[in-house]
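Working notes for the structure below.
Convention: sequence-line order gives letters A, B, ...; per-chain numbering from 1.
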There are 2 protein chains.
Amino acid sequence: MTDQTTFKDFKKKALKKTDVKAAYDELAPAYAMKRKMIAMRKAKGLTQTDMAILLGTKKSNISRLESVISGASPRLATVESYAQALGFRMKIEFEAERPKDK
Amino acid sequence: MTDQTTFKDFKKKALKKTDVKAAYDELAPAYAMKRKMIAMRKAKGLTQTDMAILLGTKKSNISRLESVISGASPRLATVESYAQALGFRMKIEFEAERPKDK
DNA sequence: AAATAAGTTATCATAAAAGATAACTTTGTT
DNA sequence: AACAAAGTTATCTTTTATGATAACTTATTT
């Protein structure tokens, strides 16, 4: 049954990829932010468990927070404390949208 | 009773000011963001009622969202749709904290 | 390849934000 | 001064994020 297992895995990963892509296009700003967050954490050599301890929560919650797929929109305070725990300051900018060119 | 009224008003405003100051120091990033949001709205010549209609909500909620004093931390999605309704894109940045100099 | 660590996912409980309505205050206009 | 428009505040309801626990998958290490 090695074939089946392989196919199952393939399908699983394909779907995963599709979801990620959809989220990417739809939720671009949030996606970019989460990528940055993960990058910051890894740059400091910390695991999700480490972060959980720093923030006084559990690793599962960190995973969810960093998750791109989850449609959830975190609170500003949550992102801010995450950043601060890593020695970063959060900054929110607004840039004028380029007029959608046809 | 003109004196009492005056004093009451004075006290009221004094407290208000204190609260604002505290919020300012404590929640600096959120404060800066809200100031920007209000500025963007006014730049487009819109009232809170206008925004409420654009976002499908009520003016009281817009007031609360823009309120500096409210300790509340909005969701990213909320700020994002507010910005988008005004033709802006939200951008989250993280900058390394300067080592607290003593 | 077993064992351990890291990360994910699901579910439930709790806290907090957002929606609605209404009464109020401040600002602006005539 | 009277009126209207804009903004605020309080309260309640509904929705959603967050916390906690546990079972699971994926990656690392020995």
Between CE of A:Met37 and P of C:dG7 the distance, given in whole Å, is 14 Å
Within the 4.0 Å heavy-atom criterion, would you say B:Thr47 contacts the bases, only the backbone, or no part of the nucleic acid? sugar-phosphate
Check the phosphate of C:dG7 against A:Ser63, side-chain N and O only, distance under 4.0 Å to OP1 or OP2. Yes or no? no
Keeping A:Thr78 on the side-chain end and A:Pro74 on the backbone end, is there a donor-acceptor pair under 3.5 Å? no
When rounded to whole Å, the CG to P distance for the pair A:Asn61 and C:dA16 reads 15 Å
**Prompt:** Should A:Thr49 be listed as having a side-chain N or O under 4.0 Å from OP1 or OP2 of C:dA6?
**Reply:** no
Exactly one of A:Lys59, A:Arg41, A:Lys34 clears salt bridge (charged side-chain N to carboxylate O under 4.0 Å, His left out) with A:Glu66, and that residue is A:Arg41
Discussion item. For a quick test of reading the model: is some side-chain N or O of B:Arg75 closer than 4.0 Å to OP1 or OP2 of C:dA17?
Written reply: no
Sorted by position of nearest nucleotide on DNA chain D, 5' first, the leading residue of A:Ala77 and B:Ile62 is B:Ile62
> Would you say D:dG19 has OP1 or OP2 under 4.0 Å from some side-chain N or O of A:Thr57?
Replying inline: yes
B:Leu46 atom CG is separated from D:dA5 atom C1', nearest whole Å, by 15 Å
Taken to the nearest whole Å, CD1/A:Ile38 to C1'/C:dA6 is 13 Å
**Message:** Can you tell me whether the side chain of A:Arg64 and the base of C:dG7 have a donor-acceptor pair closer than 3.5 Å?
**Reply:** no
When rounded to whole Å, the CD to P distance for the pair A:Glu80 and D:dA17 reads 18 Å
Separation of D:dT13 atom P from B:Lys58 atom NZ, nearest Å, is 18 Å
Assert: residue with more 5' nearest nucleotide on DNA chain D, out of B:Glu66 and A:Gly56, is B:Glu66
In whole angstroms, the gap separating P of D:dT25 from CD of A:Gln48 amounts to 18 Å
I'd like to know if the side chain of B:Lys42 and the backbone of B:Thr47 have a donor-acceptor N/O pair within less than 3.5 Å.
no
Separation of C:dT8 atom P from A:Leu65 atom CG, nearest Å, is 11 Å
Picking from C:dG19, D:dG7, C:dG7, the nucleotide nearest the side-chain atoms of B:Lys59 would be D:dG7
Exercise for review: Determine the contact category for B:Ser60: base if any of its heavy atoms lies under 4.0 Å from a base atom, sugar-phosphate if only primed atoms, P, OP1 or OP2 are that close, otherwise nothing.
Suggested key: base
Verdict with supporting geometry, B:Phe88 and A:Glu97, side chain to side chain contact (heavy atoms under 4.5 Å, CB included): CA-CA 5 Å; B:Phe88 290 86; A:Glu97 255 176 357; over 6 Å; no
Chi angles and distances behind the side chain to side chain contact (heavy atoms under 4.5 Å, CB included) call for B:Phe94, A:Arg89
CA-CA 5 Å; B:Phe94 298 103; A:Arg89 263 185 91 105; over 6 Å; no
